[in-house]
Amino acid sequence: MQENVVILDIDYVTYEEKPVIRLFSKKGDENIILIDDTFEPYLYVVSDDVEECISEIEDNIDVVCVEKVIKKDFQIESEFIKVTFKHPQELAKNRDALRDLESVIQIREFDIPFYRRYLMDRDVIPMTEVTAVGEELETFMDLDSTKQDIKIIKLTERLERKKEYPQNFRILSFDLEVRNPHGMPDSAEDEIIMIGVASNFGVNQVISTKTNSEDRDDFVNQVSTEKEMIEEFVKIIKDNNVDIIVGYNSDNFDFPYLKDRAKILDVDLDIGMDESDVKFIRRGYSNAASFKGLIHVDLYLVMRRYMTLDRYTLERVYYELFGEEKIDVPGDRIWEFWDNEGEELDTLFDYSLDDVVSTLKIAEQTLPLNLELTRIIGQPLFDVSRMATGQQAEWFLVKQAYFDGEVVPNKQGSNFADRASAEDNEGGYVREPEKGLHENLVQFDFRSLYPSIIISKNISPDVMTLGKVEDEDDYNISPEHGIKFKKSPQGFIPSVIDKILQERFRIKRQMKASDDPQERIALDVQQQAIKRLANTMYGIYGFPRFRWYSFECAKAITSWGRQYIKSSIKKAEEYGFYAIYADTDGFYAKYKKE
DNA sequence: CAGAAACGGGG
DNA sequence: GTGTACGTTTCTG
């Protein structure tokens, strides 16, 4: 059978000791789970005696396949040994043993999560539409199409991607209010008093055990118990086939709280596509709340990247985006507003709805960009929405490297000694502003200064030399430190930036040519996403825990940057201007004469 | 002053 | 889940 579906999410399960990829997808209102058991985990081994190494691996390690392959390593074609395992956990278990074998110099690409490897190798891009060809199964492990509202397709062919991107996802925002007489609420004792929901499909309400005054807008959905509140919330999500659920700090407050209360009240929080519960995924020191086939985006994390503020409260973020104040109820008095009823209770209902409507508005403002980033990076929206920009750039590069036949560099050690030894790079040139109120200023700035320098000077570790060279004319040599970059061939990272900037110009041209306003907006978001990614690439060199970390490259970029801005200021001075303030890639200047 | 611990968001 | 935050402010000795 054949179906056109939109890929939302991915995971893998173990069936008969083999890993099986599951792609959570939708076709309109229909939930479709694609199953693929044809992908196996692998890594690469570097050895100076390939034949000897292959037999040593075969003798000592339980592997599916060991083979010699030709891949590029910093653009140089090299022999690698590709070692394929039966299961990702086998790979993890044997990683150290493999590294310790005598004939093994180095192992590579051993720390790429299985589902990410699948997305890259099979060129499957989340949030795009694909044609799936396969056979329909009635059940697969705990998936049961006769009991659950799902269709299961076991893939028999590679997925084929459609050109057009789906734009209309069903988005629902939610927010809890909790009775908290002792300061911050404790889920063991303090009941949920309101669950606000807002959506782009017409459902906007506050579920509560109380209701607001009769003369007010009737947006309260009154139920009799806290348990029914949660059940009603679950029902709304299921009945409306939500694609993306958003909250504000919902990873660390709303979902953990909801889960605790649901457990106490014996309610199933089974809102996953396969009716599974919320799962908390450890992410460093905090958690991320995750569902199967229902994408949860915590906007707090998104907004911290999206704009630069000193605080990221919902109130502040909303004000910065829309210039409007939100209804304010002091957190420590919410329980009083609830207990006092009357006017204060009405205010609390308004506050609850306002919170969730604001959250939805922020989602509608920021999700299009994140959807585009998801498609460019090629990793799930759930992950991309939680990644630091440097991580986004890195995963994008990992995917590009795969297409170029490159084996990606390993990460440096992440222990304290390595971090402490990381030197501080001198940043951009700053001229402190001249005090006073200035008039008739001119402004100058470079467009994408650092990405431009990376391309024009070909700054990339694979073409870098620190030692002596035969003919200096073949190299770009950085000011201050004399770091040399071969002029050709083009380095890996410059080539990637070059490619995406050309793609950006192509989109901008297409945008200008289009007279469909909807299409123009969509294209504008695409080019913005690319611009953000290009501007992040400099950071790839500056942080020791990134795969392409190169202190020399980072130093070279900023030193050329300082040279350019200083020489521009000097040039301006020759024409009778003088700079009253400069920072990194631009300056403000006054004309000397009146 | 250096290094450790806390903090953010949420109610 | 083949990856385990993170940059800044405040506290402590």
Side-chain angles (χ1 to χ4, degrees), chain A residues 10-14 19 39-44 83-96 98 107-118 120 174-187 189-194 196 247-258 279-290 298-305 308-317 329-338 348 351-352 355 359 379 383 386-391 394-395 398 408 410-411 414 416 419-420 543 545-547:
Chain A
I10 179 169
D11 73 355
Y12 82 89
V13 289
T14 305
F39 191 65
E40 290 174 317
Y42 64 88
L43 52 70
Y44 295 107
V83 183
T84 306
F85 293 86
K86 194 168 183 182
H87 195 279
Q89 280 166 2
E90 289 284 307
L91 187 152
K93 210 166 65 191
N94 288 299
R95 211 159 44 187
D96 292 334
L98 199 52
I107 59 171
R108 300 276 284 272
E109 301 203 357
F110 50 85
D111 55 357
I112 296 171
F114 188 60
Y115 71 94
R116 294 204 173 163
R117 182 86 272 172
Y118 180 87
M120 293 187 278
F174 83 109
D175 180 47
L176 306 183
E177 308 302 333
V178 172
R179 187 173 177 280
N180 58 330
H182 337 278
M184 274 312 283
D186 173 2
S187 61
E189 294 171 21
D190 302 326
E191 61 176 320
I192 296 169
I193 52 179
M194 298 177 186
Y248 204 83
N249 201 26
S250 38
D251 270 347
N252 287 303
F253 179 74
D254 298 80
F255 274 125
Y257 207 95
L258 196 60
K279 276 215 164 60
F280 289 97
I281 296 170
R282 280 197 72 105
R283 272 175 43 87
Y285 303 124
S286 64
N287 290 319
S290 153
D298 184 341
L299 289 170
Y300 166 61
L301 301 164
V302 174
M303 297 323 288
R304 282 178 54 145
R305 282 202 317 268
T308 305
L309 302 172
D310 51 353
R311 287 171 64 76
Y312 292 90
T313 61
L314 180 57
E315 285 72 20
R316 179 66 192 282
V317 165
V329 175
D332 53 2
R333 294 199 54 224
I334 284 177
W335 67 280
E336 291 176 33
F337 279 57
W338 173 256
L348 192 58
Y351 168 76
S352 176
D355 258 14
T359 305
Q379 295 297 335
D383 297 18
R386 288 168 176 77
M387 275 179 199
T389 51
Q391 289 292 312
E394 179 167 301
W395 283 106
V398 172
V408 302
N410 286 344
K411 285 185 190 176
S414 59
F416 274 108
R419 275 190 213 181
F543 299 101
R545 72 195 125 71
F546 287 156
R547 306 185 110 96

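Here is how names work: the chains are called A, B, and so on, in the same order as the sequence lines, proteins then strands, and each is numbered from 1. Excluded from the calculations below are hydrogen atoms, water molecules and symmetry mates; all remaining heavy atoms, backbone and side chain alike, are included.
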Return the nearest nucleotide to the side chain of [X]; candidates are [options].
X: A:Ala92; options: C:dT2, B:dG10, B:dG11; value: C:dT2
X: A:Phe110; options: B:dG9, C:dT2, B:dG11; value: C:dT2
X: A:Leu91; options: B:dG10, B:dG8, C:dT2; value: C:dT2
X: A:Pro113; options: B:dG10, C:dC6, C:dG3; value: C:dG3
X: A:Thr313; options: B:dG10, C:dG3, B:dG11; value: B:dG10
X: A:Tyr115; options: B:dG8, C:dT2, C:dG7; value: C:dT2
X: A:Gln89; options: C:dG3, C:dA5, C:dG1; value: C:dG1
X: A:Tyr300; options: B:dG9, C:dC6, C:dT2; value: B:dG9
X: A:Asn249; options: C:dT4, B:dG9, C:dT2; value: B:dG9
X: A:Gln391; options: C:dT2, B:dG8, C:dG3; value: C:dG3

First of A:Arg304 and A:Asp383 reached from the 5' end of DNA chain C, by closest nucleotide
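Result of the comparison: A:Asp383.
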
Answer with base, sugar-phosphate or nothing: what part of the nucleic acid does [X] contact at a heavy-atom distance below 4.0 Å?
X: A:Tyr312; answer: sugar-phosphate
X: A:Arg95; answer: sugar-phosphate
X: A:Phe255; answer: nothing
X: A:Leu176; answer: sugar-phosphate
X: A:Gly247; answer: nothing
X: A:Asn252; answer: nothing
X: A:Arg179; answer: nothing
X: A:Leu301; answer: nothing
X: A:Ile334; answer: sugar-phosphate
X: A:Asp355; answer: sugar-phosphate
X: A:Trp395; answer: base

Would you mind checking if A:Arg386 and A:Asp251 are paired as a salt bridge, meaning a charged N to carboxylate O distance below 4.0 Å?
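Yes, charged N to carboxylate O under 4.0 Å.
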
Any carboxylate oxygen within less than 4.0 angstrom of a Lys/Arg side-chain nitrogen, looking at A:Arg95 and A:Asp111?
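Here A:Arg95 does not pair with A:Asp111 in a salt bridge, since their nearest N and O are not under 4.0 Å apart.
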
Respond yes when some side-chain nitrogen or oxygen of [X] is under 4.0 Å from OP1 or OP2 of [N], and no when none is.
X: A:Arg386; N: C:dC6; value: no
X: A:Tyr12; N: C:dT2; value: yes
X: A:Arg283; N: C:dG1; value: no

Take the protein atom [atom1] of [X] and the nucleotide atom [atom2] of [N], then report the distance between them rounded to whole Å.
X: A:Asp190; N: B:dG10; atom1: CG; atom2: P; answer: 18 Å
X: A:Phe546; N: C:dG3; atom1: CZ; atom2: C1'; answer: 13 Å
X: A:Glu40; N: C:dT2; atom1: CD; atom2: P; answer: 15 Å
X: A:Glu90; N: C:dG1; atom1: CD; atom2: C1'; answer: 15 Å
X: A:Glu394; N: C:dA5; atom1: CD; atom2: C1'; answer: 14 Å
X: A:Glu109; N: C:dG3; atom1: CD; atom2: P; answer: 14 Å
X: A:Asp11; N: C:dT2; atom1: CG; atom2: P; answer: 11 Å
X: A:Asp175; N: B:dG11; atom1: CG; atom2: C1'; answer: 9 Å

Between B:dG11 and A:Asn180, counting only base atoms on the nucleotide and side-chain atoms on the residue, is there a donor-acceptor pair under 3.5 Å?
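Looking at the base of B:dG11, it does pair with a donor or acceptor on the side chain of A:Asn180 (distance under 3.5 Å).
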
May I ask you to check whether A:Tyr300 and A:Arg304 show a side-chain donor-acceptor distance below 3.5 Å?
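A:Arg304 and A:Tyr300 do have a side-chain donor-acceptor pair below 3.5 Å.
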
Distance alone, cut at 3.5 Å: any donor-acceptor contact between the side chains of A:Tyr115 and A:Asp383?
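There is such a pair between these side chains.
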
Would you say [X] and [Y] make side-chain contact, with heavy atoms under 4.5 Å?
X: A:Asp175; Y: A:Ser250; answer: no
X: A:Val398; Y: A:Met120; answer: yes
X: A:Ile10; Y: A:Arg116; answer: no

Could you work out the separation of [N] and [M] based on their [atom1] atoms and round it to a whole Å?
N: B:dC7; M: C:dT4; atom1: P; result: 26 Å
N: C:dG1; M: C:dC6; atom1: P; result: 14 Å
N: B:dG11; M: C:dT8; atom1: P; result: 26 Å
N: C:dG3; M: B:dG10; atom1: C1'; result: 27 Å

If I take atom CG from residue A:Leu91 and atom OG1 from residue A:Thr84, how far apart are they, to the nearest 0.5 angstrom?
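Separation between the atoms: 9.5 Å.
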
